[in-house]
Enquirer: 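Sharing a structure, written as structure tokens. Questions coming.
What you see is a predicted model; the values in this text were computed from it and never measured.
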Amino acid sequence: LSFMSVGIAIEDLQILTMEEAATSSTNWIDLGDRSHPNLKLVDKLKRKLTYDGHKNDLKELEQAHFGRGRSFDNILRRVREKEKMSKGDRSHPNLVRLDKLMKNVTYDGWRDDFRKAEHEHLHHPFIFDSVLKEIERKQKISIGDRSDEELKVLDSLSLSYPGWKRDWQEAFRGYIRGHTLDSLPIIFCINEKQRMHNGDRSHPRLVALDSLQLSYPGWEEDVKKYEKRHTCSQLRFGFLGETEARKEIEILEGKQ
């Protein structure tokens, strides 16, 4: 029985052997046909890289070539940037911004945040800006500067409902982490809880609830659960949308 008669090419067998070598062999980087441009690049990098841990990164890079884990290009970017940083080259725009910011940072724990920023630059560059904003906001707050417009909004909230301090702290932590208030579901929760505490039930979801004439056994508990979900205490209607709210109303109607 020939390989060709069952639809398996010699090249396919060779690729499978290479993939196996990349994931299991202790001599993974030197085995087999390495004529593919990606593998040639890996071999070239092997001879040039010097930073601690580069061998593990190259193994991950080779595995990515076979479709395992992160994309080849993303890992390659990280490998090249690590090597540059190990040689003192911090010319990447992200690092230029970070180094400039850190010149005036003094708050407790800033070193951990500095290392976190470098890590995200290498591994998750899409959230680097948020980390930078977090450092900037921590520094301002540490010196008593609360002039940021979004922080002014938080500070101006007049809250009195039970548990408001816990919710405010959650919103404050979200602000510190670099988020905008509009992106934090907790802001709706805080404002809606306060409105309900003040007797304001004008939100459409509450209007729909209050229009029901419920009397079945256990209806009071169901109403409480609905109200908690409405104010994000459980499944967060804010994420699920009005369709989910209508379904809940229909369930209550069905029980009645």
Enquirer: Identify, with sequence neighbours excluded, every residue that meets salt bridge (charged side-chain N to carboxylate O under 4.0 Å, His left out) alongside Glu149.
Expert: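 Expected list: Lys152.
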
Enquirer: Any chance you could measure Ser215, atom OG, to Gln256, atom CD, to the nearest 0.5 Å?
Expert: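 The distance works out to 3.5 Å.
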
Enquirer: Atom CG in Leu41, atom CG in Leu61: separation rounded to 0.5 Å?
Expert: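 Going from CG on Leu41 over to CG on Leu61, the span is 6.5 Å.
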
Enquirer: Answer yes or no: is there a side-chain heavy-atom contact under 4.5 Å between Asp57 and Leu49?
Expert: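 Answer no - side chains too far apart.
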
Enquirer: For residues 193-214, pull every pair meeting ring-ring contact (aromatic ring centres under 6.0 Å, His included), keeping only residues two or more places apart or in separate chains.
Expert: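 Qualifying pairs, neighbours excluded: Phe188-His203, His203-His230.
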
Enquirer: Any Lys/Arg nitrogen of Glu170 or Arg166 sitting under 4.0 Å from an Asp/Glu carboxylate oxygen of the other?
Expert: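 Looking at Arg166 together with Glu170, the answer is no, because their closest N to O distance does not fall below 4.0 Å.
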
Enquirer: Which residues satisfy the side-chain contact (heavy atoms from CB on, under 4.5 Å) test with Lys40, sequence neighbours excluded?
Expert: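 Checked Lys40 against side-chain contact (heavy atoms from CB on, under 4.5 Å); zero matches.
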
Enquirer: side-chain contact (heavy atoms from CB on, under 4.5 Å), that's the test. Do Ile249 and Arg205 meet it? Break it down for me.
Expert: CA-CA 9 Å; Ile249 292 296; Arg205 291 199 290 261; over 6 Å; no

Enquirer: Applying ring-ring contact (aromatic ring centres under 6.0 Å, His included) as the test, list every pair that has at least one member in residues 70-90; sequence neighbours left out.
Expert: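 For residues 70-90, and leaving out neighbouring residues, there are no ring-ring contact (aromatic ring centres under 6.0 Å, His included) pairs at all.
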
Enquirer: Below 4.0 angstrom, N of the basic side chain to O of the carboxylate: do Arg115 and Asp112 qualify?
Expert: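 Salt bridge between Arg115 and Asp112, a charged N being under 4.0 Å from a carboxylate O: yes.
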
Enquirer: Answer yes or no: is there a side-chain heavy-atom contact under 4.5 Å between Asn94 and Leu132?
Expert: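 Counting from C-beta outward, Asn94 and Leu132 never come under 4.5 Å.
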
Enquirer: So which heavy atom on Ser202 is nearest to which on Val207, and how close?
Expert: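 The answer is O-CG2, 3.7 Å.
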
Enquirer: Among residues at least two apart in sequence or on other chains, which ones pass side-chain contact (heavy atoms from CB on, under 4.5 Å) with Ile251?
Expert: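 With neighbours one apart ignored, the set is Glu248, Lys255.
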
Enquirer: What are the two closest non-hydrogen atoms of Trp168 and Leu154, and how far apart are they?
Expert: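 Heavy atoms only, the tightest pair is NE1-O, 3.0 Å.
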
Enquirer: Do the side chains of Leu122 and Glu118 get nearer than 4.5 Å, heavy atoms only?
Expert: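 With C-beta onward as the side chain, the pair stays apart.
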
Enquirer: Does CG belonging to Asn198 count more than 12 external heavy atoms closer than 6.0 Å?
Expert: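 Correct, the count exceeds 12.
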
Enquirer: Quick one: list whatever passes salt bridge (charged side-chain N to carboxylate O under 4.0 Å, His left out) with Arg173, sequence neighbours left out.
Expert: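 Counting only residues at least two positions away or on another chain, Arg173 forms no salt bridge (charged side-chain N to carboxylate O under 4.0 Å, His left out).
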
Enquirer: What pairs with Arg111 under salt bridge (charged side-chain N to carboxylate O under 4.0 Å, His left out), at least two apart in sequence or on another chain?
Expert: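 Once residues adjacent in sequence are excluded, Arg111 has no partner under the salt bridge (charged side-chain N to carboxylate O under 4.0 Å, His left out) criterion.
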
Enquirer: Step by step, work out the side-chain contact (heavy atoms from CB on, under 4.5 Å) result for Tyr161 and Thr231.
Expert: CA-CA 12 Å; Tyr161 67 86; Thr231 55; over 6 Å; no

Enquirer: Are Ile176 and Val105 connected in the hydrophobic side-chain network, where two residues link if heavy atoms are under 4.5 Å apart?
Expert: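 They do not share one cluster, since no chain of ILVMFWY contacts under 4.5 Å joins Ile176 to Val105.
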
Enquirer: Would you check if Lys165 and Gln169 make a side-chain contact, meaning some heavy-atom pair closer than 4.5 Å?
Expert: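 Sidechains of Gln169 and Lys165: no contact.
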
Enquirer: Using the rule given for side-chain contact (heavy atoms from CB on, under 4.5 Å), can you reason through Ile141 versus Leu151, listing the C-alpha separation, both sets of side-chain angles and the distance that settles it, and then say yes or no?
Expert: CA-CA 10 Å; Ile141 290 172; Leu151 186 55; 4.2 Å; yes

Enquirer: How would you list, by chain and number, every residue that makes a side-chain hydrogen bond (donor to acceptor under 3.5 Å, both in side chains) with Ser86, sequence neighbours excluded?
Expert: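 Here no residue qualifies.
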
Enquirer: Less than 4.5 Å apart, any side-chain heavy atom of Pro125 and any of Arg77?
Expert: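 SC-SC contact between Pro125 and Arg77 confirmed.
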
Enquirer: Using a strict threshold of under 4.0 Å (side-chain N to carboxylate O), is an ion pair present between Glu134 and Lys116?
Expert: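 Yes, charged N to carboxylate O under 4.0 Å.
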
Enquirer: Between Tyr226 (side chain) and Leu252 (backbone), is there a donor-acceptor pair under 3.5 Å?
Expert: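 Not confirmed, Tyr226 side chain does not pair with Leu252 backbone.
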
Enquirer: If you compare all heavy atoms of Ala64 against all heavy atoms of Ile75, which two are closest, and at what distance to 0.1 Å?
Expert: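 Residues Ala64 and Ile75, closest heavy atoms: CB-CD1, 3.7 Å.
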
Enquirer: Roughly how far apart are Leu95 CG and Lys84 NZ, rounded to 0.5 Å?
Expert: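 Those atoms lie 8.5 Å apart.
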
Enquirer: Counting N and O atoms only, with roles assigned by atom type, does the side chain of Glu62 sit under 3.5 Å from a partner on the main chain of Val42, one being a donor and the other an acceptor?
Expert: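 Here the side-chain-to-backbone pair does not exist.
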
Enquirer: Return each pair, listed once, that meets ring-ring contact (aromatic ring centres under 6.0 Å, His included) where at least one residue sits in residues 75-114; pairs must be two or more places apart or across chains.
Expert: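 Listed by first then second residue: His92-His121.
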
Enquirer: Are the side chains of Leu45 and Leu76 in touch, meaning some heavy atoms are under 4.5 Å apart?
Expert: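 Counting from C-beta outward, Leu45 and Leu76 do come under 4.5 Å.
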
Enquirer: Could you go through Phe66 and Gln63, starting from their C-alpha distance and side-chain angles, then the distance that decides it, and tell me whether this counts as side-chain contact (heavy atoms from CB on, under 4.5 Å)?
Expert: CA-CA 5 Å; Phe66 295 113; Gln63 290 172 347; 5.7 Å; no

Enquirer: In Å, rounded to the nearest 0.5 Å, how long is the span from CH2 of Trp164 to NZ of Lys193?
Expert: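 Reported to 0.5 Å precision, the distance equals 13.0 Å.
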
Enquirer: For the residue pair Asp182 and Thr180, confirm or rule out a side-chain donor-acceptor distance under 3.5 Å.
Expert: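 There is no such pair (donor and acceptor under 3.5 Å, judged by atom type) between the side chains of Asp182 and Thr180.
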
Enquirer: Are Glu250 and Arg246 close enough for a salt bridge, meaning some N to O gap below 4.0 Å?
Expert: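 No.
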
Enquirer: Got Lys138 and Asp113 here, is their nearest side-chain heavy-atom distance under 4.5 Å?
Expert: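 Yes, close enough: below the 4.5 Å cut-off.
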
Enquirer: Taking side-chain contact (heavy atoms from CB on, under 4.5 Å) as the test, write out the residues that go with Val223, two or more places apart.
Expert: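 So Val223 forms a side-chain contact (heavy atoms from CB on, under 4.5 Å) with Leu209, Leu214, Trp219, Glu227.
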
Enquirer: Taking only residues two or more places apart in sequence, or in another chain, which ones meet His124 in a side-chain contact (heavy atoms from CB on, under 4.5 Å)?
Expert: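 For His124, the residues satisfying side-chain contact (heavy atoms from CB on, under 4.5 Å) (neighbours in sequence not counted) are Arg70, His119, Glu120, Phe126, Ile127.
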
Enquirer: Before accepting this row, confirm whether a basic side-chain N of the pair Arg78/Glu60 lies closer than 4.0 Å to the acidic partner's carboxylate O.
Expert: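 Salt bridge between Arg78 and Glu60, a charged N being under 4.0 Å from a carboxylate O: yes.
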
Enquirer: Going by distance alone, is a donor N or O of one side chain under 3.5 Å from an acceptor N or O of the other, for Asp73 and Ser71?
Expert: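 Side-chain D/A pair, Asp73 to Ser71: absent.
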
Enquirer: Identify the two heavy atoms, one from Asn38 and one from His65, that lie closest to each other, and give their separation to 0.1 Å.
Expert: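 Smallest heavy-atom distance, with atoms named: ND2-ND1, 3.1 Å.
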
Enquirer: Can a donor-acceptor pair be found, under 3.5 Å and without considering hydrogens, that links the side chain of Asn191 to the backbone of Ile187?
Expert: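 Here the side-chain-to-backbone pair exists.
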
Enquirer: What heavy-atom pair brings Leu98 and Ala117 nearest, and what distance separates the two atoms?
Expert: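 Nearest heavy atoms, Leu98 then Ala117: CD1-CB, 3.8 Å.
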
Enquirer: Any non-hydrogen side-chain atom of Arg90 less than 4.5 Å from a side-chain atom of Val96?
Expert: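 SC-SC contact between Arg90 and Val96 ruled out.
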
Enquirer: Just to verify, what does Lys100 make a salt bridge (charged side-chain N to carboxylate O under 4.0 Å, His left out) with, not counting sequence neighbours?
Expert: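 Salt bridge (charged side-chain N to carboxylate O under 4.0 Å, His left out) list for Lys100, sorted by chain: empty.
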
Enquirer: Quick one: pull up CG in Leu212 and CD in Glu253 and give me the separation to the nearest 0.5 Å.
Expert: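 One gets 5.5 Å once the value is rounded to the nearest 0.5 Å.
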
Enquirer: Between Ser142 and Gln139, which heavy-atom pair has the shortest distance, and what is it?
Expert: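 So the two residues come closest at OG-O, 2.6 Å.
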
Enquirer: Is atom CG of Asp210 surrounded by more than 12 heavy atoms (other residues, nucleotides or ligands) closer than 6.0 Å?
Expert: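 Check passes, neighbour count above 12.
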
Enquirer: Mark yes or no for whether Arg137, through its side chain, and Tyr175, through its backbone, hold a donor-acceptor pair below 3.5 Å.
Expert: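 Confirmed, Arg137 side chain pairs with Tyr175 backbone.
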
Enquirer: How many angstroms lie between CD in Glu192 and CZ in Arg201, if you round to the nearest 0.5 Å?
Expert: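 Nearest 0.5 Å value for the CD-CZ distance: 9.0 Å.
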
Enquirer: Please determine whether the number of non-hydrogen atoms from other residues, nucleotides or ligands lying under 6.0 Å from atom CD of Gln213 exceeds 12.
Expert: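 No, CD of Gln213 has 12 or fewer neighbouring heavy atoms, counting only those of other groups under 6.0 Å.
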
Enquirer: Look only at the side chain of Arg229 and the backbone of Lys224, and say whether a donor-acceptor pair between them is shorter than 3.5 Å.
Expert: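 Checking the backbone N and O of Lys224 against the side chain of Arg229, no donor-acceptor pair under 3.5 Å is found.
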
